[in-house]
Every structure is written in C-alpha cells, then in structure tokens.
There are 2 protein chains.
Amino acid sequence: MLPLDASNNLEPILSKTMADIVEARLRENFRKRNYKPGDALPTEMEMAQSLGVSRNVVREALSRLRMLGIVETKKKRGMVMAKPDILGSFEKLLDPFMIDEATLRDIFELRLVLEMGLPDLLFPRLTDEHVAELEKIAADELTADNFRIQNEIAFHGKLYEITGNQTLKRFQSMLLPIFAYVVALEEKPIRGKISHSGLVDLLRTGNKEAFRQGMLEHLRPHFDRLQHQL
Amino acid sequence: MLPLDASNNLEPILSKTMADIVEARLRENFRKRNYKPGDALPTEMEMAQSLGVSRNVVREALSRLRMLGIVETKKKRGMVMAKPDILGSFEKLLDPFMIDEATLRDIFELRLVLEMGLPDLLFPRLTDEHVAELEKIAADELTADNFRIQNEIAFHGKLYEITGNQTLKRFQSMLLPIFAYVVALEEKPIRGKISHSGLVDLLRTGNKEAFRQGMLEHLRPHFDRLQHQL
DNA sequence: TATATTTGATATGTAGTACATAAGTGCATT
DNA sequence: AATGCACTTATGTACTACATATCAAATATA
C-alpha cells in the first residue's frame, strides 16, 4: 500500500516523509487536472483513503498548501482551490534575519539592477501628475537625517508605483528591509551627486537615458561598494 | 489558555487556526531569540505543552516551516534551525498554472526591467572568456526554429551568469517558464532588429550604454506589446 | 406559495493515544 | 580501547473521538 511510486529514480537517499510525498502528489494532481480557483476538492478523508495514508499526513500536506494560499478551507464546505498571493508568501521568506550574507548582497544588487532598468517601464507611463507628486516628495529631501531613509523609500517607492506594475511595486517593498539592512552593515552613508530633485528635473526633460544616467549617479555610492567586493 | 496574544491588532476577523497561530509564534520566537542555523530547538511535545495545544497542531506548524527549509528534523536528534533556500521555496509558487494573468504580465515586465538594468552589473565583471562564450552561443542563433527558444535561454542565461550573482541567475531561471508562457499567449514571434551576435559585438566595444540600447532593440517586440496594453 | 425556522448531516479543527523507527547513550564483553 | 548490545528518546504515522461551523433538507409559519 506504499504510495511510493516506482518512478522514484534513486536520488540521494533523502528520506522524504509521507507529508512531503502527499504534498507533491497533490500539487501534481492539481496541475494535471487543471484545477482553477474556486474548484472544489475532495475531502481530507477521501484524499487519505485514495492515497493510503492517515488523515494526519494529508492534513500536514494541506496545511502547507493552505499557508501558501493554494487552497482554502471552510468548515463544512470542504476545500477549494484559491489563487495564491505569490508575493505574500515570498515575503515570509525574505527576512534578513534568516538569510545568509552572500544572498543578502545578491539581493542588494538585484535591487540596483531593477532601479537601473526601471526607466523603460517608467517613461511610457509617466504623467504630469506623477512628476508633481515626485517633486513634492523630493522637496522634503533635505529635512532631518532621521527622516532621510523614509524619504528615500517614499521617492523610490513612488517611481515603482508609477510603472503601474503592482507586482513590481510590492516586490520592491519587500526588498526594502534587506536594502536597509545591507546599507546599515556598511560604513558611512554617502549621498550620490544627484539628488531626488535632480532626478525629477531629468524626468521632466523626457530624456529617458539622461534620467537613467542620473539614477546611476544617484546610486553611485552603492555601486562603488560593489566594486570593492570583487 | 488561549495563545491568542494581546498584540493581536484587530484585523479583519479572518479565523486563524491554531496551526496559523503556532506558526506565527514559532517564527516570532526564532527571531526574538536570534536562533541561527544549527541551533537546537525544543521537542514537539515541549512546544505543544508550552503553547497549550496538541502535538498535532504543533506538527502542522512545523511541517510548514520544514517545507520552507526554516527548520530540519532528524528522528531522535530533535529539530534544528536550517538556512532556508529562499529561491527554492519561491520556485514552488512560481507556477504559471496557478498565477493570474495580470500577475503573469507583471512578472513579464519585471523580467524586461531586469534585462535593461543588467549592464550595470555585467560590465564590471565581464572578461574576454565571457565574451567568447557568448559568441559561441550566439553562433548557434540561426539554427532551426525548434531550438530558437533554447538558444534564447542559453544566451540570456549566460548574461546573468556572468554577473556572478547566483541569486539573480536563479531568479531569472525561475522567471523563464513564465516568460515563455506569456510569449506563447501572444501572437506571432517577431525578432528584434538586433540579434545576439549584434549584442556580442556591442559588448566587445566596452560601451555599456550602447549595449543597453542594443538590448532594448533586441527586446523591442516585447516592449511594443506592452504599449498596446496601456 | 413563499418565507422563516429547525433539524440533521457533514467536513474541518483539535485533542489524545498508541506504536514503529531511527538515532543517540551507556554498559558490558572481549 | 574497540565492538556490540540493550535502553532511551524524539520524530513519523495511524487511529479514535469530539467540537464546531455550515450546508441542506424538512418543517413550521405567514
């Protein structure tokens, strides 16, 4: 009655638990049958019986899928597929506290790359209102140092927001703690030669590449740090 | 004996299960005590008793953390903290099959942004050997259409690889299926004016911005599609 | 007939017991 | 000291029991 399917190409012994196997089988099934959000699923007992395991094991597997938002359960109604909030789940993992330094640095670089590629999404969707909003934020740039980070976040966050790409915006928000963490690890905070106001001016010219170069200057201190690590 | 901590700012009623609560409490504890990989954890029974819940509930919560690679368990040795493989877990979520179209499109754009920001990581770390490897891949560009996608993947994948940023590289690999999926959704496959060979030539000049503009041309068909959706 | 109420059935959520299995620990024997 | 044995312990799995929420059908009511 072992559900260990014969397709089990003998990989490194790694002892999978039943819950692991059931989880995989369920995912596999969902995909094969092309379940869509809202579709009803069998009951826990039915799954347990058809897989030949205890309800306990099935519940452990379902608990995982539930956490990821892949399925939802109501008391009597049974289970239904749900549309998982990918980024929400991803957020649970992006805790600087449990990421090794090498990966933190990688993510730091990833953010820089995003920032440099952003203009190509930004400019096609930029309006005068957007520029006005950015200008307002940039005007607060020179207040007390306590709020400097806040202001950084507000300004760059706004840039992502303007792209209209919700996923990108949320992704950036999630990277913020990591960015802050890595920056805090390093020594003195240096400002780039180009300020937020300078960036707004470049935006207003409508010259995408000029803006990109401005952004590069704005981020220069961070890029310079990277060089030292090579 | 309700473990519902008072810090529970009253959010929408959302009925959390005990497993949800225990999971949150455990994470909270791990962070508070600054557990590091390898540190030993209490036994399931101890957790259950100290939290006032059944071992079943604790196991469901631990099962989730285990899936994410946050903890590891051995038969008698008890549990220890582990270093989670963020991207590995993220991969489980990035299945085009269960992501809604809006998000798919967002991710598609995200990839384009990455590609356009890449030069700033690429050039500082580029060597002659890298260029040679890219050239070799580009040479295969014009073979049968069956392999065109393969070749695309190989070339762009190589670019990410050259950055030396493992996380970025893996992230890009994970986005590939989504990219392919979205492209397949759209109509005719059009090639940009600039081929891979053209990009290699630009690389060789050492002119970062020229290369970036080349990349923009290479990706032009994709960017154009975006415009239509605005 | 249509609406409201009650009742019953059902699936999930939680608790608890039991036992198999793996893996340390320490004792005993050589 | 090294090997082998029994003992202990924590996880993995199975099973039972019951609370709770909710759907559905039957009943009562206007």
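The basis for the numbers below is simple: all heavy atoms, side chains too, and nothing from hydrogens, waters or symmetry mates. Throughout, a chain's letter reflects where its sequence line sits, starting with A, and its residues are numbered from 1.
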Quick test of your reading of the model: are [X] and [Y] salt-bridged, counting only N-O distances below 4.0 Å?
X        : Y        : result
B:Asp100 : A:Lys36  : no
A:Asp20  : A:Arg64  : yes
A:Glu161 : A:Lys158 : yes
A:Arg33  : A:Glu28  : no
B:Arg66  : B:Glu72  : no

query: Between B:Phe123 and A:Phe223, does the ring centre distance come in under 6.0 Å?
result: no
Where do N or O atoms of nucleotides 14-17 of chain D meet protein N or O atoms at under 3.5 Å, pair by pair?
{"from": "D:dA14", "atom 1": "OP2", "to": "A:Ser54", "atom 2": "N", "distance (Å)": "2.7"}
{"from": "D:dA14", "atom 1": "OP2", "to": "A:Ser54", "atom 2": "OG", "distance (Å)": "3.1"}
{"from": "D:dA14", "atom 1": "N7", "to": "A:Asn56", "atom 2": "ND2", "distance (Å)": "3.3"}
{"from": "D:dC15", "atom 1": "N4", "to": "A:Asn56", "atom 2": "ND2", "distance (Å)": "2.8"}

query: Where does the angle between the aromatic ring planes of A:Phe179 and A:Phe108 fall among parallel (under 30°), tilted (30 to 60°) and perpendicular (over 60°)?
result: parallel
- prompt: So B:Phe30 and B:Tyr35, would you call those rings parallel, tilted or perpendicular, with 30° and 60° as cut-offs?
  reply: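 Rings of B:Phe30 and B:Tyr35: perpendicular, over 60°.
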query: Which of residues 72-85 of chain B sit near DNA chain D, with a heavy atom under 4.0 Å from it?
result: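 Residues of residues 72-85 of chain B under 4.0 Å from DNA chain D: B:Thr73, B:Lys74, B:Lys75, B:Lys76, B:Gly78, B:Met79.
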task: Establish, from distance only, whether the side-chain atoms of A:His156 and A:Gln172 form a donor-acceptor pair under 3.5 Å.
output: no
- prompt: Looking only at side chains, do B:Glu115 and B:Tyr160 share a donor and an acceptor under 3.5 Å apart?
  reply: yes
task: Please work out which residues in residues 36-47 of chain A have a non-hydrogen atom less than 4.0 Å from an atom of DNA chain C and list them by number.
output: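 Going residue by residue through residues 36-47 of chain A, the ones with a heavy atom under 4.0 Å of DNA chain C turn out to be A:Thr43, A:Glu44.
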- prompt: Is the distance from OP1 or OP2 of C:dG13 to the nearest side-chain N or O of A:Arg66 less than 4.0 Å?
  reply: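 Yes.
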task: Could you state the atom-to-atom distance from NZ of B:Lys16 to C1' of C:dT12 in whole Å?
output: 19 Å
